[in-house]
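Right, one structure below, let's go through it.
The model shown is predicted, which means the values in this text are computed figures rather than measured ones.
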Amino acid sequence: MATYLIRRLLLMIPTIAGILAVSFLVIKLAPGDPTASKFSSAGQAGAGLDAQRGTEQAIKRFREKYKLDEPLPVQFGYFVKRLTTGDLIFFNTETPVWKEMKPALIVTAQLNAVVFVLVYIIAIPIGIQSAARPNGPLDRVSSLFLFMLYSLPTFWTAEMLRLWLTGPGEWQLPVLNLHSDNYKEFSYLGQVADWWWHAILPITCLTYGGMAYISRQMRAGMIEVMRQDYVRTAWAKGCPEWRVVLVHALRNGLFPIITLFASLLPFLIGGSVIVEVIFNIDGMGKFAFENMLRREYDAVMASLVLSAVLTLFGILLSDILYVLVNPQVSFDKRGG
């Protein structure tokens, strides 16, 4: 196992390097750069020729300082240097990215940790129940309901919830931020309750789609396992239904869910741009979106790097979970 982990960790280095290079190139191909954002109003601030010359000199010094006039390979090397030394900045203010990124990361991690848990604890039992009695009344009703949920666009659902469940009433749900303006005056338990009260709508919007999809994947995986010979043998021996489903079939039926874990882990930190913008949540999704509009290359690349690293670690963790769920699957069979 140790050899496998070391080999996979070493393979992550060129993979991350490739992701960085492609992402950096795509961002650079977009129109505009940090100079236009930083000095957009500076050239209009003065009325005379001296002011214009001063602005032009400031722009020249700025571009030389951050290698913005250099060829792309040089710019990329300079970015990698800043990334490895922790010196990524906001070009507009020339302040560190991490100082503003850290609170956004905490907000998104807290919110999506709840979503992550809810998705699995709701989806897995629904999938198991549907697979235990496929095409039964409960399976038909749950399938119809879940397919309807999965088809609802997140932005539409968020806006509808804002219209239907919010308003001036005492018990109406809040739609902005994850806390009240005066939440610091509350006790600790009051702050926790206030956070949950504000998080109901965002959590709902972030949960229903993943829950619907994972429950269907769980159902499909369980039905496939229930057709295997060893499960039929368990039925033939007279094992009770709960034991056949939860002991003999569930372990291998979890494989599709483990595979999906690799794609859900980056979402835990990356956040949702749509939900965070609609509900004005200062998380990673909104952070990346706003900085992309301002052409803050370092901030956007920091978000992409974090998502890439989490994706690779999610895949690695999935491989490890495969073996933990079913010891008959060895690390040699996982490849890599």
Between [atom1] of [X] and [atom2] of [Y], what distance do you get to the nearest 0.5 Å?
X      : Y      : atom1 : atom2 : result
Met101 : Ile106 : CE    : CD1   : 11.5 Å
Leu118 : Tyr208 : CG    : OH    : 15.0 Å
Ile126 : Ile124 : CD1   : CD1   : 11.0 Å

So which heavy atom on [X] is nearest to which on [Y], and how close?
X      : Y      : result
Asp139 : Arg216 : OD1-NH1, 4.0 Å
Val273 : Gly285 : CG2-O, 3.5 Å
Leu88  : Ala302 : CD1-CB, 3.9 Å

Any donor-acceptor pair under 3.5 Å from [X] side chain to [Y] backbone:
X      : Y      : value
Asn291 : Phe287 : yes
Glu296 : Phe91  : yes
Asp298 : Ile89  : yes

Quiz item: Do Glu276 and Thr108 have a side chain donor and acceptor closer than 3.5 Å?
Solution: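 Short answer, yes.
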Quiz item: When the ring planes of Tyr150 and Tyr213 are compared, do they come out parallel, tilted or perpendicular, using 30° and 60° as the limits?
Solution: parallel
Exercise. Could you go through the side-chain hydrogen bond (donor to acceptor under 3.5 Å, both in side chains) check for Arg295 and Thr35 one step at a time?
Key: CA-CA 9 Å; Arg295 299 296 186 270; Thr35 308; over 6 Å; no
Practice problem: Take Ser180 and Asn182 through the test side-chain hydrogen bond (donor to acceptor under 3.5 Å, both in side chains) and record every step on the way to the result. | Solution: CA-CA 5 Å; Ser180 302; Asn182 60 336; 4.5 Å; no
Exercise. Evaluate the side-chain proximity of Met218 to Ser130: yes if any heavy-atom separation is below 4.5 Å, no if none is.
Key: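 A side-chain contact is absent here, since even the closest heavy-atom pair is not under 4.5 Å.
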Self-check item: Which residues share a side chain to side chain contact (heavy atoms under 4.5 Å, CB included) with Ile27, sequence neighbours left out
Solution: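 Partners of Ile27 by the side chain to side chain contact (heavy atoms under 4.5 Å, CB included) criterion, ordered by chain and then number, come out as Tyr297, Val300, Met301, Leu304.
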